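All values derive from a computational prediction rather than experimental measurement. Ligands are counted one by one from 1 in listed order, and the atoms in each one are counted from 1 as well.
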Amino acid sequence: MVIAAGSTRTMTSGSSGFLLVPIPEYPALDPQPYKNIKIVVLGASNVGKTALIVRFLTKRFIGDYEANTGALYSRTINIDGEQTSLQVQDTPCVSLQQVDGEGLICQEQINHSIYWADGYMLVFSITDDSSYRTIHPLYQHVRRIHPGGNIPIILVGNKSDLLRARQVAVEDGEALAAELGGAYFEASARENHEGVREAFLHLYQEISRTFRGANGEKRRAGLHQGRPKSPNMQELKRRFRQALSSKVKSASVL
Ligand SMILES: Nc1nc2c(ncn2[C@@H]2O[C@H](COP(=O)(O)OP(=O)(O)OP(=O)(O)O)[C@@H](O)[C@H]2O)c(=O)[nH]1
């Protein structure tokens with residue numbers, strides 16, 4: 001597989017504190033991409049969601065990331081000769097409720113992203129067992145928003161460089177991924193661009209496979225669409241509420 005970053009839009013970093021600026025969406029003169037793939041990266045606090053995205057898109061590890069406000073990164077890439085527009089949505093963290101340790105606290109903004117996306121990267125840190133325990137409720141939450149059909153997901157155990165601090169065994173990651181119907185990758189955003197790239201590309205391929213599949217009108221419709229636009233939040237909100245009205249009691253706390 002050959003992958004090449006399309007345009008040279010880059011992320012900027014300030015001299016101190018490294019302020020990350022999302023890669024802008026397609027400027028007017030960009031050629032129209034053939035295919036539009038939307039990925040959302042989800043997980044608990046401090047697991048390295050932003051670090052993974054930045055590593056994938058820029059090959060760099062900065063180390064100090066802004067508290068996550070949910071930036072959308074867009075990039076045109078060429079994969080196996082096919083021009084593709086890739087949008088990656090970073091998200092604020094989710095957390096388990098203190099009371100029963102099972103319900104998920106999830107901002108509405110994240111629900112919108114879940115509704116919008118074609119595929120899901122679920123991230124935990126191998127050094128943080130509670131972040132691992134967040135994954136199953138998180139997956140169920142995604143399922144509630146997309147009750148039918150195949151959901152392309154990938155499970156990433158990040159911070160694999162911190163072996164001595166490991167709290168989650170490889171086998172546990174693999175078992176959970178198998179249960180959720182996805183692949184498991186251990187990665188280190190800090191030390192290794194290759195592993196991170198591999199994980200994103202695997203998810204990309206899963207999404208492409210789903211696009212090609214027979215089910216999923218929404219997903220097929222995404223394939224040959226014209227120039228991708230920023231998600232229209234009002235419209236998304238309306239459709240999202242419609243879809244969830246009977247299935248989700250509260251959009252902010254589940
Ligand atoms: N050792 C190590 N540290 C990492 C790795 N990835 C991220 N970090 C560090 O973990 C911390 C959290 O990284 P972020 O990318 O901000 O994590 P996040 O999941 O986006 O965090 P939230 O904003 O809380 O949602 C930062 O200090 C990173 O430098 C990794 O692979 N290895």
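- The aromatic rings of Y120 and H146 sit tilted relative to each other, their planes meeting at an angle between 30° and 60°.
- Heavy-atom proximity to C93, at under 4.0 Å, picks out these atoms of ligand 1: 25 (O).
- Screening L86, V156, I154, V41 against F200 for a side chain to side chain contact (heavy atoms under 4.5 Å, CB included) leaves a single residue, V41.
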Could you go step by step and tell me if S125 and N158 meet the side chain to side chain donor-acceptor pair (under 3.5 Å) rule?
-> CA-CA 5 Å; S125 165; N158 189 37; over 6 Å; no

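- Relative to atom 8 (N) of ligand 1, the option among K49, R190, K159 with the closest non-hydrogen atom is K159.
- Between A187 and ligand 1, no N or O atom pair is found at a separation short of 3.5 Å.
- Assignment of S188 to the shell around ligand 1 is supported, since a heavy atom sits closer than 4.0 Å.
- Taking 4.0 Å as the cut-off between side-chain N and carboxylate O, E191 and R55 do not count as a salt-bridged pair.
- Among the atoms of D161, some N or O lies under 3.5 angstrom from an N or O of ligand 1.
- Considering backbone and side-chain N/O atoms, N46 comes within less than 3.5 Å of an N/O atom of ligand 1.
- Residue D90 does not touch ligand 1, judged by heavy-atom distances below 4.0 Å.
- Every atom of ligand 1 is numbered from 1 in the order shown, and the set under 4.0 Å from a heavy atom of A51 is 6 (N), 7 (C), 15 (O).
- Ring planes of F185 and H202: tilted class, angle from 30 to 60°.
- Atom numbering of ligand 1 starts at 1 in the shown order; those under 4.0 Å from a heavy atom of L162 are 1 (N).
- When only interatomic distances are considered, the shortest N/O to N/O separation between F61 and ligand 1 does not fall below 3.5 Å.
- Interface of S45 with ligand 1, defined as ligand atoms under 4.0 Å from a residue heavy atom, comprises 24 (O).
- Side-chain contact between Q89 and I39 is absent, with no heavy-atom pair separated by less than 4.5 Å.
- A donor-acceptor contact closer than 3.5 angstrom links the side chains of S208 and K35.
- Y184 and E186 share a side-chain donor-acceptor pair at under 3.5 Å.
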